[in-house]
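To keep things clear, I will list the structure first and then write my remarks on it.
We count ligands from 1, going down the list as the structure has it; atoms in each ligand are counted the same way. The first residue of the sequence shown is numbered 1, and numbering continues consecutively from there.
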Amino acid sequence: MAKSAPHSDSELRKIPGVDTLLVLARDRGIFRHEVDAFRVYLVRRTLKKIRDLVLSGSSCPEEDKILSALSREIDSFNSSKMRPIINATGIVLHTNLGRAPLNEDVLEKTIELANGYANLEFNLNTGQRGKRGEWVTNALAILTGAEKALVVNNCAASVFHALTTFASGKEVIISRGELVQIGGGFRIPDILKASGAILHEVGTTNITTIADYSRAINKNTAVILKVHRSNFYLEGHTEEASLQDLRKLADLHEILLFFDLGSGDIVPRPLSLLPDEVKVQDGLIHGAHLVTTSCDKLLGGPQGGVTFGEKKYIDILANHPLYRVFRPGRLTLASLQEVIQRYLSGESKSLTSWAMLSLSPEEILARAEKFKERLKTSGIEATIEKGEGAVGGGTLPDDPIESWLIALKPQDAEVFLTKLRQNETPVIPRISKDRIFLDLRTVLSKDEDLLFSAVTTAFANSTA
Ligand SMILES: *Cc1c(COP(=O)(O)O)cnc(C)c1O
């Protein structure tokens with residue numbers, strides 16, 4: 001420990017003890033009914049900081065300052081608590097901001113199904129134990145033409161579950177062009193290794209031919225894994241083996257073909273705004289034994305993963321102990337059920353994420369102009385500029401969505417950004433150099449007033 005400054009001993013003695021500060025904080029209403037463990041933790045943290053301050057040569061702060069420090073400590077602790085935020089980035093499936101937003105009535109149904117009890121694993125026809133997620137998986141199978149489907153907690157779990165079940169201790173062939181990292185922490189080689197499968201890389205980053213796969217097959221090969229390059233594109237001189245050719249090869253050697261699709265598209269695009277992506281049904285039609293996908297990407301549901309495929313393989317997965325580890329909870333299944341109901345009813349366009357993706361540039365422009373005029377009445381100058389949003393969530397990386405952005409030029413963009421983040425309903429915009437951009441595509445209409453007050457407050461507090 002550093003030697004204390006000469007006057008620090010007397011100053012150190014002025015720092016209140018834990019009990020004293022606890023009583024003071026209670027008297028001032030800083031604490032109400034919080035449990036002891038919580039109050040003591042925060043008081044100790046505050047006092048430690050004050051001690052460090054005094055040891056570095058400062059004098060002991062006044063009582064009021066100590067109490068403010070405690071309040072700040074509480075705020076700082078609570079800032080990591082999840083709360084609603086306004087996503088003004090224009091990235092619809094923003095992984096850090098929760099991916100697909102869920103519709104209000106989907107959530108109302110979810111509450112109904114979670115409030116009391118539900119037939120989660122209870123068959124109402126027989127009065128016997130039922131299958132978890134039976135309706136959802138049957139509906140998903142009908143929608144995609146799969147024989148059967150199984151829902152787990154996310155797509156990473158779907159992939160891991162399938163690899164562990166069918167390839168543990170055996171080789172999995174994968175193209176070097178598909179040894180990818182998708183988003184935070186999903187690296188195909190790592191998942192493969194953790195599943196106990198042995199990675200057998202073939203080809204090169206840009207070119208992998210069917211002959212490369214063919215040469216790699218040996219007695220210990222169990223699976224060919226094809227991974228959809230969902231978050232980047234390879235351009236130029238590239239070549240990859242088709243699912244059809246891979247299936248022929250797999251059949252010849254009696255091994256399995258898995259297709260990790262990730263993005264989760266299951267119906268034709270409701271609009272022409274985005275190019276068509278590979279769909280689950282394409283993967284199945286073209287020969288994959290199993291196709292894995294996320295529920296909270298293009299599907300527009302809660303976090304989850306679905307494995308689609310032939311009944312005999314899905315049954316093996318469902319009976320593997322890992323399914324017990326990865327099975328989804330009631331909240332997930334309740335909201336997924338309502339999302340899938342929309343697909344069955346031909347109303348998937350009304351899912352919030354799809355409604356956002358379907359907004360035309362003209363609609364965004366009209367909203368942006370209105371917002372700009374409103375800012376003007378508060379003395380804030382903004383300009384409207386052509387720009388781009390994105391689908392996000394590691395989907396369609398090469399296909400930005402045409403949009404119109406509200407551009408702001410505060411005195412200090414960094415300070416302004418911080419103020420927006422510290423707003424009661426935090427706002428996350430985009431920043432480029434010294435300018436801040438708002439894309440209304442991802443701002444729900446009901447949140448526009450909140451956004452307006454956040455921007456005006458941040459402006460007022462960030463101008464000298
Ligand atoms: C996103 C993605 C995953 C991971 O999905 P999570 O649901 O986030 O676990 C896996 N594979 C591919 C191809 C993906 O795009």
Side-chain angles (χ1 to χ4, degrees), residues 91-102 133 136 140 149-164 167 172 174-195 197 199 223-234 240 243 246 257-266 274-280 282-284 286 288 290-309 317 322-323 325-329 331-333 335-336 339-340 353 390-399:
I91 301 167
V92 177
L93 303 171
H94 199 302
T95 299
N96 299 346
L97 305 183
R99 285 205 189 144
L102 297 176
V136 163
L140 280 164
L150 188 70
V151 177
V152 290
N153 276 324
N154 51 44
C155 183
S158 303
V159 175
F160 185 85
H161 187 194
L163 289 172
T164 310
V172 174
I174 176 164
S175 158
R176 290 198 171 88
E178 295 167 13
L179 286 172
V180 297
Q181 162 150 358
I182 293 146
F186 184 81
R187 282 191 166 181
I188 290 286
D190 296 342
I191 294 272
L192 224 123
K193 198 169 167 200
S195 75
L199 172 64
V223 167
I224 294 173
L225 174 62
K226 193 152 173 59
V227 181
H228 182 52
R229 288 190 205 104
S230 47
N231 61 351
F232 70 106
Y233 277 85
L234 275 182
E240 60 182 303
L243 280 173
L246 288 172
L257 174 62
F258 293 175
F259 181 41
D260 178 26
L261 173 61
S263 46
D265 217 1
I266 60 170
L274 297 167
D276 244 0
E277 250 236 328
V278 188
K279 290 185 209 10
V280 171
D282 299 326
L284 295 167
H286 295 156
L290 294 178
V291 177
T292 46
T293 181
S294 282
C295 295
D296 51 352
K297 291 187 183 169
L298 291 175
L299 194 71
Q303 183 189 300
V306 192
T307 311
F308 298 89
L317 287 170
L322 262 189
Y323 174 64
V325 179
F326 290 148
R327 73 179 189 189
L331 286 174
T332 300
L333 285 171
S335 53
L336 186 58
V339 168
I340 298 305
S353 49
V391 181
T395 48
L396 299 156
D398 222 18
D399 298 299

So is Thr293 in contact with ligand 1, going by heavy-atom distances below 4.0 Å?
-> no

Hey, does Lys297 sit under 4.0 Å from ligand 1 if you only count heavy atoms?
->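 Contact check Lys297 vs ligand 1: positive.
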
For [X] and ligand 1, does the shortest N/O to N/O distance drop below 3.5 Å?
X: His228; result: no
X: Ser263; result: no
X: Ala156; result: yes
X: Val227; result: no

Would you compute the distance between atom [atom1] of [X] and atom [atom2] of [Y] and round it to the nearest 0.5 angstrom?
X: Asp282; Y: Ile266; atom1: CG; atom2: CD1; result: 12.5 Å
X: Asn154; Y: Gln303; atom1: CG; atom2: CD; result: 5.0 Å
X: Asp265; Y: Lys279; atom1: CG; atom2: NZ; result: 5.0 Å

Which of the numbered atoms in ligand 1 are below 4.0 angstrom from a heavy atom of [X]?
X: Ser294; answer: 5 (O), 6 (P), 7 (O)
X: Arg99; answer: 6 (P), 7 (O), 8 (O)
X: Leu261; answer: 13 (C)
X: Phe186; answer: 10 (C), 11 (N)

With under 30° as parallel and over 60° as perpendicular, where do the rings of Phe326 and Phe160 fit, or are they tilted in between?
->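 Perpendicular: the ring planes of Phe326 and Phe160 meet at over 60°.
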
Are the side chain of His161 and the backbone of Leu322 linked by a donor-acceptor contact shorter than 3.5 Å?
->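 Judged by distance alone, no pair lies under 3.5 Å.
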
Has the side chain of Ser175 got a donor or acceptor atom that lies under 3.5 Å from a matching backbone atom of Gly177?
->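 Checking the backbone N and O of Gly177 against the side chain of Ser175, a donor-acceptor pair under 3.5 Å is found.
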
Among Leu299, Leu261, Leu140, Thr292, find the residue that satisfies the side-chain contact (heavy atoms from CB on, under 4.5 Å) test when tested with Val280.
->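 Single pass found, and it is Leu261.
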
